[in-house]
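Taking it in order: structure first as structure tokens, then the write-up.
Chain letters run A, B, ... following the sequence lines, proteins first, then strands; residues in each count from 1. Side chains are part of it too, since the values below use all heavy atoms of this structure and drop only hydrogens, waters and symmetry mates.
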Protein chains: 4
Amino acid sequence: MSRSTENQTPGFTTREVTTEPMSAESDWREYGPLEFPRILDAALQAFYEHGYHGTTTRDLARRSGLSVPGVYHYYPSKQDILFDLMTVIIDELLVRSRQALATASADPRSQFDALVESLLRFHMYRRTGAMVSTAELRSLEPDNRARYVAKRDEQQRMLDGVILDGVRDGVFATAYPKDASRAIASLCVGVASWYRPDGTLPVDALLDRYLTIARSIVGISGETASGRSR
Amino acid sequence: MSRSTENQTPGFTTREVTTEPMSAESDWREYGPLEFPRILDAALQAFYEHGYHGTTTRDLARRSGLSVPGVYHYYPSKQDILFDLMTVIIDELLVRSRQALATASADPRSQFDALVESLLRFHMYRRTGAMVSTAELRSLEPDNRARYVAKRDEQQRMLDGVILDGVRDGVFATAYPKDASRAIASLCVGVASWYRPDGTLPVDALLDRYLTIARSIVGISGETASGRSR
Amino acid sequence: MSRSTENQTPGFTTREVTTEPMSAESDWREYGPLEFPRILDAALQAFYEHGYHGTTTRDLARRSGLSVPGVYHYYPSKQDILFDLMTVIIDELLVRSRQALATASADPRSQFDALVESLLRFHMYRRTGAMVSTAELRSLEPDNRARYVAKRDEQQRMLDGVILDGVRDGVFATAYPKDASRAIASLCVGVASWYRPDGTLPVDALLDRYLTIARSIVGISGETASGRSR
Amino acid sequence: MSRSTENQTPGFTTREVTTEPMSAESDWREYGPLEFPRILDAALQAFYEHGYHGTTTRDLARRSGLSVPGVYHYYPSKQDILFDLMTVIIDELLVRSRQALATASADPRSQFDALVESLLRFHMYRRTGAMVSTAELRSLEPDNRARYVAKRDEQQRMLDGVILDGVRDGVFATAYPKDASRAIASLCVGVASWYRPDGTLPVDALLDRYLTIARSIVGISGETASGRSR
DNA sequence: TATGAATGAGTATTCATTCAT
DNA sequence: CATGAATGAATACTCATTCAT
């Protein structure tokens, strides 16, 4: 339980603040409560409820218990808050994804399973952040958007990679690997929109089911390829 | 195939304008190009690109080729435009869903297949509208939101209904029918975020694959229920 | 009962529309109900309730039972409506004032009594119009204001005249005839703000009392009694 | 004679800012120059010249030497400015009226004289404010209007009170005390519309004359009552 | 970091007015 | 005269942002 980033507010942008920085081996599966600096916390809730354009800086100040100039002490603009927020969120996803891949066996099937499970967990435990990031991509100014998209693409390329690896090795059989990759990503993202880890459906049950689906989408093993299944 | 509703501007709200009014039997599968009155068309694009709060009335005016007061000639407020847009969109979904159910055999399996196929097609052919409706639900004022949510719930209840019917009849085997219903809905909604009907993956291939997935989620037939399969 | 200007709507400005044009001798004392063309009627009520700037042309249209272009058929602008309204009102006052003077004996005391009585009656029976004219003088555009003020000044000069005549003849004794004249005018105008001819205080009682006051303001001789002094 | 309240801008509404807070005994007769905070000053002039609806917020900003948002820093709306202005004005009148009554002898005649003199002085020295308050009553929103009217009614009830006291004690003889009260109030209000304290007619002369008139309206002492005087 | 004052540029909306039919 | 469509120019008000203290 590292002390680290309690509630002090950040300088902004680049760094993986999130909660406890995941050091140990396989803690990509463990999600503590989100402990953002208060401005990002305020921004996350506000953007989730009203969207970036529907949120005023006064709103952010009020929610973070700061004055308006207080907010500007930490961030030069509202846009920077959004960018920092989205950066922190996707950085966590990337870190966890890399860890998942690093700690899994090297075969495509294991790599695939680990990456998809990580994606699923992230969208289960970081629902709000994931939804805000998806919704507010369009609210990022061009430069920020480019930088964010680069990271998102990196994430997507990881998935593309393991799928292509699997196809190359003959363990996956999809005829449309790129579409499969997008479909699976979309599947995981969709979880954020409805699944609550504290609901009736146990986390493991959902992971299990969705993993099965994901595997079927890439046409694992002797299973059929994507098209009109024979 | 009447075209009718060219580009005349509407009174607003109530009516299923959209494209061709679907009269004949199974044309819930047929999607013509979207032919909204110009203000709704402008709103759809603008809200899609910048969101409701990120869109100005001037923007709507410019996009619809009107002056600002010209827009207000047809709608009393920006909020009414959003509400009308979302109403028109979900009304089309409801009409198509009811037609799908009405024209399919009465057994739960056929009902389920028809409804899911309809949902999928809608999110494939009405991508933008579907995404805007999802994203801007929060931008509806309370009364409008309530009215919209009532319709969305009606749609969701259709799906709940066929699933529960299937479970009752023993043809579906899920242990969490409500979660299954939400998962399937989320699956279909997700399609809008990445699938383009004019891409490499043929429509039928996607329908096929996703239907298979949907069926597996409700644990159809001899297939196993949700948990760790086999 | 002249036919004249029933309810047909006017061209605008100059003419003494009002009700029956007072032809006979001393009917400056008689006030029938106000029968304005409907646009002026609407304007009178609307301006009274909300003021010129607080009244929209749509409001005027609605109140007069016309469409907006219908209003513009009769008047080229809202400003012209105000000007016409105020013109019609002050014209009636002027006509009645002249008649009062013309039908009274030539001596200053009788002239004074007649003119003040006429002023009082006008502000009793034409309350709304008088108040609107007073309040909206500032809303007239320069040219219109000049023309209106000329008429109002003419009215004021009548009063100044009879008072100066009385002073010259030694029957009035005020040291500040101009102030006296303004005070008396203000007194009469003030009646419009509170007196209702259908209230408890009879018209004659009010006329009597106010005439007494007016006489005392100009410092009439051995002071005559109040009422219809005989 | 503290000056205090220079030109600092207010919180709004409740407080008697106006000029010097009248503390000492009989200073209800003393009127210094009006020293409103700049926004109220701007509003007073602007509303006087163009009326509430005829005044734009830009106009108010310009006149007060602020930007538009600068004005909104102090007041949440134009309506609040009007309400605060009218409140400040009538509060001064009420304070002075109460002081006039408190420092005069208890007999109805003295009370009456003091109250009427105070009313007259107020409408002489606070002309503009008095006229704006009268003219813009209709521009107050219902709640504000109710609160303002309550104060105006309190003022009117003071006058009603002393007149009814005098009638009860047999020193006043009017047959219509309520009408008399309104007539006298109207008389005083009317002074604002024409009298300038710096004109030819000395203040005392006007006070003297109008007090005499007011007394005659309530039919003081051996004088005759209102009606048909003998 | 808070407070308070301040603002350029914009935001939704309205207004008086016009024109074709 | 009505209807319906249309608009330039405003109108009240807000927003992100800044600065002095």
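- Contact record, L140(B) with F83(B): CD2-CA, 3.9 Å, taken as the closest heavy-atom pair.
- One atom, OH of Y75(A), and another, P of dT17(F), lie 14 Å apart when rounded to the nearest Å.
- Taking OG1 from T55(D) and NE2 from H53(C), the interatomic distance works out to 8.0 Å, rounded to the nearest 0.5 Å.
- Map K78(A) and K78(D) each onto its nearest nucleotide of DNA chain F; the residue landing nearer the 5' end is K78(D).
- Checking dA2(E), dT14(E), dA6(E) against the side-chain heavy atoms of S67(A) singles out dA2(E) as nearest.
- In this structure, the separation between OH on Y148(A) and CG on L85(A) is 9.5 Å, given to the nearest 0.5 Å.
- The side chain of Y74(D) has dA6(E) as its nearest neighbour among dT14(E), dA16(F), dA6(E).
- Across the interface with DNA chain E, nearest-nucleotide mapping of Y72(B) and H73(A) shows H73(A) to be the residue nearer the 5′ end.
- Nearest heavy-atom pair across A42(C) and R63(C) is CB-CB, 3.5 Å.
- Taking CG of L82(A) as the reference point, atom CG of L60(A) lies at 10.0 Å (rounded to 0.5 Å).
- Here the rule is side chain to side chain donor-acceptor pair (under 3.5 Å) with Y52(A), and of R138(A), K78(A), Q79(A) only Q79(A) fits it.
- The distance between atom CG of L66(D) and atom P of dA12(F), rounded to the nearest whole Å, is 16 Å.
- Going from atom CD of Q79(A) over to atom C1' of dT17(F) covers 14 Å, rounded to whole Å.
- Looking at heavy-atom distances under 4.0 Å, G65(C) makes contact with sugar-phosphate atoms alone, never a base.
- Between the CZ atom in F47(B) and the NE2 atom in H50(B) there is a gap of 11.0 Å [rounded to 0.5 Å].
- Consecutive Watson-Crick or G-U pairing (both distances under 3.5 Å) extending over three or more pairs maps onto DNA chain F as E:2-21 with F:2-21.
- Within residues 50-62 of chain D, the residues that have a heavy atom under 4.0 Å from DNA chain F are, in order of number, T55(D), T56(D), T57(D), R58(D).
- Of the candidate nucleotides dA16(F), dT14(F), dG8(F), dG8(F) has the atom lying nearest to any side-chain atom of P69(B).
- A donor atom on one side chain and an acceptor atom on the other are found under 3.5 Å apart for S77(A) and D80(A).
- Heavy atoms of G70(B) sit under 4.0 angstrom from at least one base atom.
- Using a 4.5 Å heavy-atom threshold, the side chains of L137(B) and V149(B) count as touching.
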